[in-house]
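Working notes, structure below.
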Amino acid sequence: MAKELKTIGVLTSGGDAPGMNAAIRAVVRRGLSKGLNMKGILKGYDGLLNEEIIDMSAKDVSDIIGRGGTILYTARCAEMRTEEGQKKAADICRKHGIDGLVVIGGDGSFAGAQKLANLGINAVGIPGTIDLDIACTEYTIGFDTAVNTAMEAIDKVRDTSTSHERCSVIEVMGRNAGYLALWCGIANGAEDILLPEKYDYDEQKLINNIIEGRKRGKKHHIIINAEGIGHSSSMAKRIEAATGIETRATILGHMQRGGSPTCIDRVHASMMGSYAVDLLAEGKTKRVVGYKNGEYVDFDINEALAMEKGISEYQYEVAKSLSANYSK
């Protein structure tokens with residue numbers, strides 16, 4: 001017979017994402033509504049290993065749903081990747097009576113949850129990453145806010161780029177995944193979109209596009225460049241040298257992680273947080289919460305980590321065709 005669930009801990013791990021606070025709030029309040037004790041773990045797995053664990057009440061999560069970042073803080077933790085660190089983390093959970101754990105983060109965070117579950121700590125993951133790069137789900141907490149933040153910034157850069165008849169290389173986040181770049185490329189009507197998954201590093205092709213556009217009377221040229229390709233400043237210098245057109249690089253950076261979450265991020269995060277608590281209350285473990293075809297679902301954590309996600313070929317082809325048509 002499964003041990004009765006009494007206490008749930010919640011932590012945020014890896015990169016922060018707008019909407020994490022909404023998820024924390026939902027986890028705490030859903031747990032309290034079920035008569036469970038709720039604990040917050042500060043600074044992710046690093047805080048767990050250092051026993052930075054606090055009791056959480058409904059009041060502790062009041063007025064946080066609209067705040068960016070995470071009230072529990074977050075950190076990277078190399079020790080959690082070791083067998084010794086994982087065993088220590090499981091022992092600390094038991095010491096503090098934590099028999100259920102909700103982990104809000106990305107694939108790396110889920111790998112830690114997987115190890116703890118293997119050591120007897122019931123664990124459920126919630127996808128919190130602005131990169132939209134978790135294969136088992138169509139939605140990750142923070143993406144909608146981040147892409148809207150980037151879109152609005154790119155609109156502003158386009159205004160000044162047009163005024164000065166410049167080319168602009170605008171770098172958005174996404175080290176290994178190009179979803180932010182792809183969506184911004186479509187939403188902002190970029191002339192070129194450079195994705196880690198697709199870019200062939202043929203810079204001459206970019207240069208030719210810029211020159212041809214200028215011949216047709218275009219007053220600007222927007223290149224959306226993903227962080228995983230990077231080197232935007234040096235790219236801009238090479239483009240300017242080759243075309244004679246003033247070219248500036250703008251790196252949006254960590255502003256994309258901050259800000260008040262959109263309604264979409266708040267609602268999905270709230271539903272996912274509640275769903276995670278329900279799974280633990282049902283005695284389930286080694287699960288990842290996802291969103292598929294309009295429904296909140298869950299996956300085995302081993303299967304979720306084994307899945308691979310790629311850029312939609314259709315979206316990419318549409319983005320290219322819209323850019324080409326816009327340039328003519």
Checklist entry - Looking only at atom types and distance, does a side-chain atom of N225 sit under 3.5 Å from a main-chain N or O of G230, one as donor and one as acceptor? => result yes
Checklist entry - Do any N or O atoms from the side chain of S163 and from the backbone of D159 form a donor-acceptor pair under 3.5 angstrom? => result yes
Does [atom1] belonging to [X] count more than 12 external heavy atoms closer than 6.0 Å?
X	atom1	answer
D300	CG	yes
I264	CD1	no
E83	CD	no

Next on the checklist: Working note: H96 + E51, criterion side chain to side chain donor-acceptor pair (under 3.5 Å); need CA distance, chi angles, decisive distance, verdict.
Outcome noted: CA-CA 9 Å; H96 289 266; E51 298 190 52; 2.9 Å; yes
Would you call [X] and [Y] a salt bridge, using N to O less than 4.0 angstrom?
X	Y	result
K6	D99	no
K198	E313	yes
D91	K88	no
E246	R248	yes
E212	K218	no
K237	E240	no
R30	D278	yes

Next on the checklist: For H268 and Y139, take the angle between the two ring planes, folded into 0 to 90°, and tell me which bin it lands in: parallel under 30, tilted 30 to 60, perpendicular over 60.
Outcome noted: tilted
Side chain proximity check, [X] to [Y], heavy atoms < 4.5 angstrom:
X	Y	result
R166	T160	yes
F299	V297	yes
E227	V172	no
L182	I311	yes
T243	C167	no
V10	I41	no
V61	I24	yes

Cut-off 3.5 Å, side chains only: do [X] and [Y] have a donor facing an acceptor?
X	Y	answer
N209	D192	yes
S57	D60	yes
T70	D16	no

Next on the checklist: Taking side chain to side chain donor-acceptor pair (under 3.5 Å) as the cut-off, I'd like each qualifying pair that reaches into residues 105-120, sequence neighbours left out, listed once.
Outcome noted: S13-S109, Q114-N302, N118-K286
Item to check | Pairwise distance CD1(I92) to CG(L116) - rounded to 0.5 angstrom | outcome: 10.0 Å
Checklist entry - CD1/I224 to CD/E191 distance, rounded to the nearest 0.5 angstrom? => result 9.0 Å
Item to check | Residues which pass ring pair (Phe, Tyr, Trp, His ring centres under 6.0 Å) with Y199, listed by chain and number, not counting sequence neighbours | outcome: Y201
Item to check | Ring centroid separation Y275 to Y296 under 6.0 Å | outcome: no
